[in-house]
Amino acid sequence: MKEKYDPQKVELKWQRYWDERRLHKTEMVKSQKKFYCLEMFPYPSGEIHMGHVRNYAIGDVIARYKRMRGYNVLHPMGWDAFGLPAENAAIKHGVHPSEWTYRNIEKMKDQLNRMGLSYDWEREVTTCKPEYYRWNQWVFLKMLERGLVYKKFSYVNWCPSCATVLANEQVIDDRCWRCDNKVNQKKLEQWFFRITEYAEELLQGCDELKGWPERVVLMQRNWIGRGEGVEVDFPVEGMDEHLRIFTTRPDTLFGVTFMCIAPEHPLSEKLVKDKAKLEEIKVKCGKEDEKTGLNSGYYALNPLNGDKIPIYIANFVVMEYGTGAIMSVPAHDQRDFDFARKYDLPVKVVIVPEQKEREAVSPTHPSPWRWESKGGGGNLLSELTEAYEEEGILVDSGQFTGLKSDIARKEITKFIEEKGLGTAVVNYKLRDWGISRQRYWGTPIPVIYCGNCGIVPVPEKDLPLILPENVRFTGKGGSPLLESETFLNTICPICGGNAKRETDTMDTFVDSSWYFIRYCFKKGDIDLPTEFRSPDSEVNYWMPVDQYIGGVEHAVLHLLYSRFFTRVIRDLGLINISEPFQNLLTQGMVIKDGAKMSKSKGNIVDPNYLIEKYGADTARLFSLFAAPPEKDLDWSDKGVEGAHRFLNRVWGIIYKNQFKLQSSKFKIDNISDLQASALRLYRKTHQTMKKVSTDIEREYHFNTAIAAMMELTNEITSFQPESDEDCSVFKFAIEQMLLLLFPFSPHITEELWEAIGNKPGISEQKWPEWDEDAAREDQIELVIQLNGKLRSKTMISQGIPDDEIRKIALEDQKIKEIMGNRKIKKVIVVKGKLVNIVIGE
RNA sequence: GCCGGAGUGGCGGAAUUGGUAGACGCAAGGGACUUAAAAUCCCUCAGAGGAAACUCUGUACCGGUUCAAAUCCGGUCUCCGGCACCA
């Protein structure tokens, strides 16, 4: 063994060792309990960054820990290989996206292996391979059969920089999720997945996500955005038309003073003759702060009270939600209130606060109006200054006057349904998932357009529909596929006539929506449906993923799509689970100088440099030690050195004592034979075994687990073994410490395991089991408080009964002095910990 | 605006069920070794007072519950994240 710890040498040695023995290859063993540990696969940009290091270090500790615990662990890795950067590289450097991508994959794979991650590469998934994306196409066709895919014209989010459309989830603060450029609206014909068909199920399923962080579940719930309400028909005066609106507040129906419809609403075209003015409103839709409207000149009739109310075209009404038309109740909706003030429309109060709330006007939330109570009822004294959006009692609402809001909602809904004026409905904010992308480097959508037959799906037997290689990347105009004559021109599978292919490709989120299922099967070009349906299908053994780890930025996007896809695959009869991810860990960002590490901010730390200078074990250890996994990690160069120092110290202890360690065996006949210092170390070792185990089990608190190992190391350092018994305990402590440290820093522990005279292969050892008796202290420190303040401490034996502890506390010299002869009111004894004596003044 | 989460030394963070606030690490200061430096090892390290024993204050702020509060409750402030004309 060398005196100096040389991480490079050690790490390469053991990486080769693991690789040669294929230690991380996984096979289904039905009798063995399985554990599927998965980290979100990366986009192969060519370089790993600190976010990857952290993500994969967390996953690898879990995988290695679970293996030691006797689980059959599936721990795969792959590549989210389709996507825009490859295409941009093609435009900029003239290298084909395919070549660029595969080159990057090789580079990144080397980097991941250099980190000592225990992946089963024999299950590697690469989404840009036809053997993978053909099944995107296959699922697409199956969904088309079932009406879960459709095409429609619509306004879509268009990123001018990426020259493609984006799904709603992919627009963040009005900007593209990928390139951060401003998104605008464009009318295009697009393919959609009917995810809304699963809205209710995806929402209900949220209750099952017990192993997910609550905030992520909440974000999913909010994104789906269920809203109960009622649709009501308002007849349009002088026309044979009804205006159907949606509201969640039928209790305010008597307060409607005008109607608003979206400019894209079909009725807008009919009501407004001046198309230029209509266009003006259209332009002001979206992010416009100011509410703007156009009086159509037409009136609607309130079906409940017959009021004649004007119809406006308004920029703040969203066509995609509800019916694209609303009833406006300015007294009880702030947006309607603002609009009414601007256009001088009447305001009619139909809800008033309950008596007790009218009286309890708080200074921070002053009531928008003043009330006076006369003979039971309330009278409005002053004008409204803002809308009253709370619950209350109905006034001026015909037969419903006097009811509470919640009851009135039910009653009015019932009334509307009975009279055939409308229906109770449930609306969701979730929209269908637009998957068309006007790009080259993605899965071709398997559809053919025929002049005679219309839209024709590519027959299943013709899959995969391969992305052509011979295309030109100019960076101008649309997708390169539009110019690929060989791809574009085809024959209609039905009539045999000339036809054209769809040139849009699929959103890359389709690829990542089921890759975790693909890992369950063997690599290569396989017939997936056959594999699924085999009675020995591995998918039923491995799925669901037991632990999924990734960034919180996918809280809705990828995680929602994956939950949707898993259900679609279930409904195709291929899998028998609905939720793909049993437990989810969302790791925090890596922060440096107060900001997320990013190229544009120039605060990047290159993992390669880190590995070269300190080694992978240090890089892993630091990223696990500096913060608990779910919190942001503040990068610190000095902290890395601290982690490195720790490993050096462990190395140093073993180097100094290697001969003693090699010759001694752990064999202790009787603990009582041990010297006090040896007993202390022995006990500390068991305590550390317990602490590290429970910290890992308890929400993966690696930072405190590592701190415990550091404490043990400090104790080992200060221990001077003299007798044979000492050496035994010493060796035991070191051996256990190496086992505990192994999942965190696997290379150095392998090396040291061998150095202390063990057979190589710490990775195949069992996780250490602590002995509760050995971990227990026989002496404990008793804290004595007077009136809750710490006044004295004394050592007592473990297991002394409460009344004796009480006596010890009261007889404590220091306590007696402070207490003098003040009266004891009460004595509280907390078992084995603390006594609080309550005394008079 | 609505919905979440957080706020603890100079810094990253501990404190598992309400029971010793500050584990572990970093930085800083002092010392040992060295011709010197680095590395390593030892000591100190929340603030104030004190030679010391020790005392007082202290977990964003104000108040409450309790024998006892970083932890529970009410209110305020700040920061972070998500959603946002969704009727």
Side-chain angles (χ1 to χ4, degrees), chain A residues 4 172-173 213-223 225 227 229 245-249 252 260 285-291 314-329 332-336 338-339 362 364 389 427-431 552-553 555-556 588-589 591 622 625-628 630-643 645-646 648-649 652 691 694-695 698-699 701 703-711 713-714 717-718 781-793 814 825-831 833-839:
Chain A
K4 200 178 158 352
I172 293 147
D173 277 340
E214 268 177 62
R215 61 192 184 115
V216 175
V217 179
L218 194 76
M219 278 162 77
Q220 295 242 336
R221 282 205 179 97
N222 290 342
W223 190 264
I245 59 94
F246 172 75
T247 180
T248 54
R249 289 295 300 268
T252 64
C260 285
C285 282
K287 272 282 163 254
E288 197 79 15
D289 276 342
E290 173 106 17
K291 290 178 180 48
N315 70 330
F316 69 94
V317 180
V318 187
M319 187 60 220
E320 286 78 23
Y321 185 75
T323 60
I326 59 164
M327 61 177 210
S328 289
V329 187
H332 306 295
D333 184 294
Q334 193 56 41
R335 293 158 303 185
D336 297 344
D338 297 341
F339 194 86
S362 83
T364 47
E389 295 184 332
N427 265 313
Y428 300 89
K429 290 180 189 169
L430 182 70
R431 310 281 157 82
V552 75
E553 65 272 18
V556 273
M589 293 183 297
I591 303 282
F622 173 74
F625 176 61
E630 71 280 2
K631 281 183 84 172
D632 285 351
L633 183 152
D634 216 345
W635 188 262
S636 151
D637 293 334
K638 292 288 184 184
V640 179
E641 277 177 39
R645 252 200 302 269
F646 168 67
N648 260 316
R649 216 158 61 230
K691 171 89 177 137
T694 49
D695 279 354
R698 181 176 63 99
E699 311 276 308
H701 280 196
N703 56 331
T704 50
I706 294 167
M709 291 187 267
M710 288 173 167
E711 276 186 61
T713 305
N714 292 342
T717 311
S718 55
E781 192 180 46
L782 181 72
V783 170
I784 309 171
Q785 296 182 333
L786 283 178
N787 287 346
K789 280 191 180 169
L790 175 71
R791 284 296 181 244
S792 181
K793 288 179 190 177
K814 238 178 107 191
K825 287 184 180 166
K826 204 174 177 185
V827 179
I828 289 133
V829 180
V830 180
K831 211 154 196 57
K833 249 187 191 163
L834 170 148
V835 177
N836 188 13
I837 305 165
V838 187
I839 53 171

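Quick note on labels: first sequence line is chain A, next is B, and so on, each numbered from 1.
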(request) For B:rG4 and B:rC54, measure between their P atoms and round to the nearest Å. (result) 48 Å
(message) Using atom P in both nucleotides, what's the gap between B:rG29 and B:rG47 to the nearest angstrom?
(response) 15 Å
(request) Measure the CG-CG distance between A:Asn836 and A:Leu786 for me, rounded to the nearest 0.5 Å. (result) 7.5 Å
(message) Out of the candidates A:Thr717, A:Thr713, A:Asn714, only one should pair with A:Arg649 under the side-chain hydrogen bond (donor to acceptor under 3.5 Å, both in side chains) rule; please name it.
(response) A:Asn714
Sub-3.5 Å donor-acceptor pair from the side chain of [X] to the main-chain atoms of [Y], do we have one?
X: A:Lys429; Y: A:Asn222; result: no
X: A:Asn703; Y: A:Ala627; result: no
X: A:Arg249; Y: A:Glu389; result: yes

(request) Would you mind pulling out the nucleotide paired to B:rG29, Watson-Crick or G-U wobble, both distances under 3.5 Å? (result) B:rC43
(request) Using heavy atoms to find the nearest nucleotide of RNA chain B for A:Ile326 and A:Phe625 separately, return the residue whose nucleotide is more 5′. (result) A:Phe625
(message) On RNA chain B, does the nearest nucleotide to A:Ser636 precede the nearest nucleotide to A:Gly227 from the 5' side, or the other way round? Give the residue.
(response) A:Ser636
(request) Look at the side chain of A:Glu781 against the base of B:rU20 and say whether a donor-acceptor pair falls under 3.5 Å; ignore hydrogens and angles. (result) yes
[N] phosphate, OP1 or OP2: any side-chain N/O from [X] under 4.0 angstrom?
X: A:Lys789; N: B:rU57; answer: yes
X: A:Arg791; N: B:rA68; answer: no
X: A:Arg698; N: B:rA15; answer: yes
X: A:Asn714; N: B:rG25; answer: yes
X: A:Asn703; N: B:rG12; answer: no
X: A:Lys793; N: B:rU20; answer: no

Nearest of [options] to any side-chain atom of [X]?
X: A:Asp333; options: B:rA87, B:rA23, B:rU20; result: B:rA87
X: A:Asn836; options: B:rA68, B:rU16, B:rG13; result: B:rA68
X: A:Ala707; options: B:rA23, B:rC83, B:rG82; result: B:rA23
X: A:Thr704; options: B:rC41, B:rA14, B:rA27; result: B:rA14
X: A:Arg645; options: B:rA23, B:rC3, B:rA27; result: B:rA27
X: A:Met219; options: B:rG82, B:rU20, B:rC67; result: B:rG82
X: A:Lys631; options: B:rG13, B:rU16, B:rA23; result: B:rG13
X: A:Leu790; options: B:rC41, B:rA87, B:rA21; result: B:rA21

(message) Please tell me whether A:Phe625 and A:Phe646 form a close aromatic pair, meaning their ring centres lie under 6.0 Å apart.
(response) no
Using a 4.0 Å heavy-atom cut-off, does [X] contact any base of the nucleic acid, only the sugar-phosphate backbone, or nothing at all?
X: A:Asp632; value: sugar-phosphate
X: A:Gly642; value: sugar-phosphate
X: A:Val317; value: base
X: A:Lys691; value: base
X: A:Lys833; value: sugar-phosphate
X: A:Val783; value: base

(request) Please work out whether B:rG10 sits syn or anti, treating a glycosidic angle within 90° of 0 as syn. (result) anti
